[in-house]
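Just follow the structure's listing: the first ligand is 1, and inside any ligand the first atom is 1.
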Amino acid sequence: MLFGALRTYSFRNLADGEINTRGRDVFLVGENGQGKSNFLEAVYFCSYGSSFRGVRDGDLIRNGEKSCSVSGTLSDSLCDSISVKIENSKKTVSMDGKKIADRKEILSVAPSIVFCHEDMEFIAGTPERRRWFFDQSLSLYDPVYLDELRRYRRVLKTRNTVIKDNQGYMIDSLDPQLVSYGLALMEKRRTAAAEFSRIFGPLYEEVAGISGISVRYAPSWKQENQEEALAALYEKRAGDLAFGTTLSGPHRDRYIFSCGGTEFAGKASTGQRRLLALLLRIAQAQRYSDMTGKNPVLLLDDVLLELDPEKRRRFLSVMPGYDQAFYTFLPEEPYERYRRDDTLVYYVNGGILKQSTTPP
Ligand SMILES: Nc1ncnc2c1ncn2[C@@H]1O[C@H](COP(=O)(O)OP(=O)(O)OP(=O)(O)O)[C@@H](O)[C@H]1O
């Protein structure tokens, strides 16, 4: 699957109009703050109906405007076009011109994997960010997982409301559902962590020369069957009521990067963390391909810039299979070295993309 063209309207600082992207590799070259990442964000917006920068939808609308939209023309996909529009604070996602009820439907249509600076949070940030990463990975290839996650969150929300409203007597009827949905999530998370480790360990060794890195899944509930988990939840109920919230469950699960049995991320240097984050995305893309038999679109935001030349070479040698990749570069980077005959190169200046065969 690839994006043949991208049309943006009032999206960030990008000039309105259509950009031809029909190429396996698309380079976006420009100084800081010109709109390169905004263009990647527009592609991602078509894939997920949201931004990868953790911003509110309203921030995507060009300053002073009231609405924005992005439409992608697709090749070799389940549909020919996707468009996402924000108007009057409402988001509408359409496939082939027809509105879809649930954003999750587009996940399998134009799957993209982004590599960006914010990914460092998966390594050095809160357990919540790591959970988010693994939830995204699972949802990309397993739509049922997303349904299970939503169901779990719904029951959890009700349980927390019940606790806050002092209606503790209702918890008995909610806990069997919470446990049942929770255990289903845990089983898939356990498998995903093991599979990630299988891919990730050798990758890290190849690029960074450090062996034995793995991702360990540390579930909040230690019990693996319904009755035992329910009993453990019951035992913790007094604590939940005292704190006014549900203190245990998959919403408190942790994923730990360890090396030789000890936690690694906390001791790793900034460079090692950066590499961990990049390779985590490579593992995400590889796992997606293993599970679906399809390749994703890759969005690489300033990725090569942060690596020294040797790591850069090794990183490129372990790039996952992809149908299309968008890269951002600063003008002084040696992007010409990576360019092939069919690479599309755009120079980005003040939100305007100009295609060129030679630098301006
Ligand atoms: N909603 C918006 N409306 C108008 N302009 C915006 C909006 N959001 C961001 N911008 C502008 O977009 C520019 C940032 O673009 P972008 O983040 O794509 O930078 P970049 O070219 O990737 O550079 P860098 O390498 O620094 O990230 C800034 O000039 C910023 O003012």
Side-chain angles (χ1 to χ4, degrees), residues 3 5-21 25-72 83-92 112-122 270-271 274 277-278 281 297-308 311-312 315 324-339 343-356 359-360:
F3 285 89
L6 204 74
R7 172 175 283 279
T8 63
Y9 165 75
S10 279
F11 189 88
R12 297 265 198 195
N13 76 333
L14 297 177
D16 295 347
E18 185 168 291
I19 298 294
N20 166 33
T21 55
D25 293 291
V26 182
F27 289 3
L28 301 155
V29 184
E31 302 288 355
N32 289 127
Q34 297 307 309
K36 305 182 298 292
S37 306
N38 292 347
F39 194 81
L40 297 194
E41 195 177 29
V43 178
Y44 188 95
F45 196 54
C46 271
S47 291
Y48 293 91
S50 63
S51 165
F52 59 81
R53 286 154 143 179
V55 294
R56 291 175 308 116
D57 283 346
D59 294 329
L60 304 176
I61 302 174
R62 186 183 306 145
N63 298 338
E65 300 289 340
K66 291 197 167 53
S67 62
C68 75
S69 66
V70 179
S71 312
S83 86
V84 187
K85 187 172 183 176
I86 305 171
E87 199 168 30
N88 299 325
S89 311
K90 260 194 73 186
K91 190 154 51 189
T92 317
S112 70
I113 306 264
V114 70
F115 297 66
C116 60
H117 194 75
E118 288 81 354
D119 293 350
M120 280 283 267
E121 287 174 23
F122 302 140
T270 309
R274 180 78 195 123
L278 286 179
R281 287 297 196 178
V297 168
L298 305 182
L299 308 172
L300 301 117
D301 195 4
D302 288 348
V303 163
L304 300 178
L305 180 67
E306 300 184 29
L307 299 176
D308 63 49
K311 295 244 170 34
R312 197 178 270 212
F315 172 79
Q324 187 175 35
F326 293 81
Y327 304 74
T328 64
F329 291 106
L330 287 169
E332 60 268 28
E333 284 186 88
Y335 61 88
E336 288 288 343
R337 208 183 290 164
Y338 313 120
R339 179 179 188 162
T343 301
L344 284 173
V345 180
Y346 283 100
Y347 298 101
V348 186
N349 193 358
I352 297 170
L353 275 72
K354 272 210 178 103
Q355 195 181 347
S356 177

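- In this structure a side-chain-to-backbone donor-acceptor pair under 3.5 Å is present from N13 to Q34.
- Atom numbering of ligand 1 starts at 1 in the shown order; those under 4.0 Å from a heavy atom of D302 are 25 (O).
- The nearest heavy-atom contact from the protein to atom 11 (C) of ligand 1 is N13 CB, 3.9 Å.
- Atoms of ligand 1 lying under 4.0 Å from any heavy atom of E31, numbered from 1 in the order shown and given with element: 21 (O).
- The nearest protein atom to atom 23 (O) of ligand 1, hydrogens excluded, is given as G33 N, 2.7 Å; this is a heavy-atom distance.
- In this structure, atom 30 (C) of ligand 1 is not in close contact with the protein, since no protein heavy atom lies within 4.0 Å of it.
- For the pair D308 (side chain) and K311 (backbone), a donor-acceptor distance under 3.5 Å is present.
- A salt bridge links E41 to R53: at least one charged side-chain nitrogen sits closer than 4.0 Å to a carboxylate oxygen.
- Counting only distance, with no hydrogens or angles, the side chain of K66 and the backbone of E87 share no donor-acceptor pair below 3.5 Å.
- In this structure, atom 27 (O) of ligand 1 lies nearest to the protein heavy atom S37 OG, 3.5 Å.
- Counting only heavy atoms of the protein, atom 17 (O) of ligand 1 lies nearest to R53 NH2, 2.7 Å.
- Contact between T328 and ligand 1 is absent, with no heavy atom of the residue lying under 4.0 Å from the ligand.
- By heavy-atom distance, the residue among V55, L40, L14, N63 lying nearest atom 2 (C) of ligand 1 is N63.
- Proximity of D301 to ligand 1, defined as any heavy-atom pair under 4.0 Å, is not found for any part of the residue.
- Listed by number with element, the atoms of ligand 1 under 4.0 Å from a non-hydrogen atom of D59 are 1 (N).
- Y335 places no side-chain N or O within 3.5 Å of a backbone atom of T328 that could act as its donor or acceptor partner.
- For K354, the NZ atom sits in a loose shell: 12 or fewer heavy atoms of surrounding residues, nucleotides or ligands are nearer than 6.0 Å.
- Close contacts between ligand 1 and Q34 involve ligand atoms 19 (O), 20 (P), 21 (O) [criterion: under 4.0 Å to a heavy atom].
- The proximity of H117 to ligand 1, defined as any non-hydrogen pair under 4.0 Å, does not occur for either the backbone or the side chain.
- The atoms of ligand 1 that sit less than 4.0 Å from any heavy atom of N38 are 12 (O), 13 (C), 14 (C), 15 (O), 16 (P), 17 (O), 18 (O).
- Just one of N32, D301, D302 meets the side chain to side chain donor-acceptor pair (under 3.5 Å) condition when paired with S37; it is D301.
- Heavy atoms of G35 approach ligand 1 to within less than 4.0 angstrom.
- Here the SG atom belonging to C68 is positioned 10.5 Å from the CG atom belonging to D16, to the nearest 0.5 angstrom.
- N32 ND2, 3.0 Å is the protein heavy atom nearest to atom 26 (O) of ligand 1.
- Partners of F11 by ring-ring contact (aromatic ring centres under 6.0 Å, His included), not counting sequence neighbours, listed by chain and number: F45.
- In the model, R62 has no side-chain atom that pairs as donor or acceptor with a side-chain atom of N38 under 3.5 Å.
- Not a single heavy atom of V348 lies less than 4.0 angstrom from ligand 1.
- A heavy-atom separation below 4.0 Å is not found between E41 and ligand 1.
- Rounded to the nearest 0.5 Å, atoms CG (N63) and CZ (R12) are 9.0 Å apart.
- The atoms of ligand 1 that sit less than 4.0 Å from any heavy atom of I61 are 1 (N), 2 (C).
- Checking side-chain atoms of S112 against main-chain N and O of Y44 turns up no donor-acceptor pair under 3.5 Å.
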